[in-house]
Amino acid sequence: MMFVLVDCNNFYVSCERVFNPKLKNRPVIVLSNNDGCIVSRSDEFKKLGVSVGAPFFKVKEQILKLNTAVFSSNYTLYRNMSDRVMQSLSFFCDDLEIYSIDEAFLKIPDLSPEELTQFGQEIKETVEKWTGIPVSVGIAKTKTLAKAANEIAKINFRKGAGDLKGVLYLDLNDSDKYLEKLEISEVWGVGRKYTKKLQAEGIYFAKDFKDKSLDWIEKKMTIVGRKTAQELNGIVCFDLENNPEPKKGILSSRSFGKKVTDIKDLSQAVAYHAGIVGEKLRKQKSVAGRISVFVISNRFLDNFYYNSQAINLPISSNDTVELTKKALEGLENIFKKGISYKKVGTMATELTSEDEIQLSLYEDCDDRREAVNKT
DNA sequence: TCTGGGGTCCTAGGACCC
DNA sequence: TCTGGGGTCCTAGGACCC
């Protein structure tokens, strides 16, 4: 079997371009809540080293110089476009995992290298024709290698080399020639912290990592790192997950656009988030056994303050009134005067299905009845 | 003063992903 | 002046149990 990773290029930017074709040849930036951070940017900025997550104010000047179109994010639009992309993909293959809003894995049978490459190109052309969203395709023996292949195809395309045309099948037999050029930080599962750690050990490229001893890697990076290394060697450790379990936690949070110090303002926000959480719970037919609330000050200033509290519910619930009451109780316990708060959130965990809770309520009744009968 | 061995469960914290 | 939001998984250490 082979894994195919289809990844939309600069997804939010591409969505905006679909609805406004004049933006095709113009630099575009999409910003987060409160227009604080960059969440998507066109290729011009990738080349300039403007990364996702960068604070807008720091790069604003540089960006506006280029006659850039700047957008606040419009998640309804992006969700809608995402659905269309995923639908197009399901046309090619039923064995499909929607990994994120702009990425999906497909699992397909082994074919010859030429056929695989052709398959990838067909996917790319079709999705672009049907949705207007440009994508890159990576194909390989494991998810981690498919991710790498996709990344390499993207880099190649951006450099204007163009020989891959946004599609790469990474054959296990000559993976080294690609992996020796792929920065370790680009490997799926290796983030900022591990990149530093690994570089300190002289590991700069995916190939260096892949050739290290597994036990050594596990010691440094837990079992997760071990699996990543195995996957780079073609051993499948992460299979397709196309039967998603219901979510294990549901979170709603938002940062404030201005200074907030008053518990009244915080309470209002916490209640709002509890409402959102309740709504999401009811939508997926879950109830929460635990509700937590957290507050956080500006992490870039001194006197950084973070605190959180989790409260167990006597009976699991998805009722907004109940959730709000408990969340506000929690807030009172962690509120500290004189702090300038930047963000609050409410989170539900220990989720179970609505049906189960009803069942257990009946069971309680039965127990009680039994107890009564016995006496 | 000496003070077992093994198991489970829970939580906080740290890493990662998009 | 201004730094997103929503998730997952793993581990260590403490509490508790026999």
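Residue A/Trp188 places its side chain closer to B/dC17 than to any other of C/dG5, B/dC17, C/dC10. Closest contact between the side chain of A/Tyr194 and the listed nucleotides C/dG4, B/dA15, C/dT11 involves B/dA15. Candidate nucleotides B/dT11, C/dG5, B/dC18 were compared by shortest atom distance to the side chain of A/Asn33, and C/dG5 ranks first. Which of C/dG4, C/dG7, C/dC9 sits closest to the side chain of A/Lys248 comes down to C/dC9. For A/Ile223, whose side chain is taken as the heavy atoms from C-beta onward, the closest listed nucleotide among B/dC17, C/dC10, C/dC2 is C/dC10. Out of C/dG5, C/dC10, B/dC17, the shortest distance to the side chain of A/Tyr99 is found at B/dC17.
Spacing between atom CD of A/Glu218 and atom P of B/dA15 amounts to 17 Å, rounded to whole angstrom units. Counting to the nearest Å, the C1' atom of C/dC9 and the CD atom of A/Glu241 are 11 Å from each other. If you take CD of A/Glu97 and C1' of C/dT8, they are 12 Å apart, rounded to a whole angstrom. Atoms CZ (A/Phe300) and C1' (C/dC2) sit 11 Å apart, rounded to a whole Å. In this structure, A/Phe294 atom CZ and B/dG13 atom C1' are separated by 15 Å, rounded to whole Å. Rounded to an integer number of Å, the gap from CD of A/Glu151 to P of B/dC17 is 11 Å. When rounded to the nearest whole Å, the span between CD of A/Glu231 and P of B/dC16 equals 17 Å. Distance A/Met221 CE to B/dA15 P: 11 Å, rounded to the nearest Å.
Within the structure, a side-chain polar atom (N or O) of A/Arg290 is placed less than 4.0 Å from OP1 or OP2 of B/dT11. Between A/Lys343 and the phosphate of C/dG4, there is no side-chain N or O to OP1/OP2 separation shorter than 4.0 Å. OP1 or OP2 of B/dC18 lies within a sub-4.0 Å distance of a side-chain N or O belonging to A/Lys147. Using a 4.0 Å cut-off, no side-chain N or O of A/Lys247 falls inside it from OP1 or OP2 of C/dT8. Side-chain N/O atoms of A/Ser73 include none lying less than 4.0 angstrom from OP1 or OP2 on C/dG4. Here A/Arg226 does not reach the OP1 or OP2 of C/dC10: none of its side-chain N or O atoms lies under 4.0 Å away. Residue A/Lys193 places at least one side-chain N or O closer than 4.0 Å to OP1 or OP2 of B/dA15. Not one side-chain nitrogen or oxygen of A/Ser100 sits closer than 4.0 Å to the OP1 or OP2 atom of B/dC17.
The six-membered or imidazole ring of A/Phe71 lies away from that of A/Tyr12, with a centre-to-centre distance of 6.0 Å or more. Ring-centre distance between A/Tyr194 and A/Trp188: not below the 6.0 Å cut-off.
Comparing A/Lys280 and A/Val39 by the nucleotide of DNA chain C that holds the closest heavy atom to each, the one mapping nearer the 5' end is A/Val39. Nearest-nucleotide positions on DNA chain C for A/Val52 and A/Leu251 put A/Val52 closer to the 5' end.
The nucleotide B/dG6 finds its pairing partner in C/dC17, both defining distances of the Watson-Crick or G-U wobble pair being shorter than 3.5 Å.
Around CD of A/Gln199, the count of heavy atoms belonging to other residues, nucleotides or ligands within 6.0 Å exceeds 12. Within a 6.0 Å sphere centred on CZ of A/Phe238, heavy atoms belonging to other residues, nucleotides or ligands number more than 12.
Looking at every heavy atom in both residues, A/Lys197 comes nearest to A/Lys220 through NZ-O, 3.6 Å.
Of the candidates A/Asn298, A/Ile339, A/Ile296, A/Ile296 is the only one forming a side chain to side chain contact (heavy atoms under 4.5 Å, CB included) with A/Phe304.
Spacing between C/dC16 and B/dG4 at atom C1', rounded to whole Å, works out to 16 Å.
Residue-level contact check: A/Ser252 touches the backbone only, with heavy atoms under 4.0 Å from sugar-phosphate atoms and none from bases. If you check every strand for non-hydrogen atoms under 4.0 Å, A/Ile101 touches nothing. A/Asn34 comes within 4.0 angstrom of no nucleic acid atom, judged by non-hydrogen atoms across all strands. Within the nucleic acid shown, A/Lys60 has no heavy atom closer than 4.0 Å to any nucleic acid atom. In this structure, A/Phe56 reaches neither bases nor backbone, as no heavy-atom distance under 4.0 Å exists between it and the strands shown.
Inter-residue side-chain proximity for A/Ser42 and A/Pro27 is flagged as met; some heavy-atom pair is nearer than 4.5 Å.
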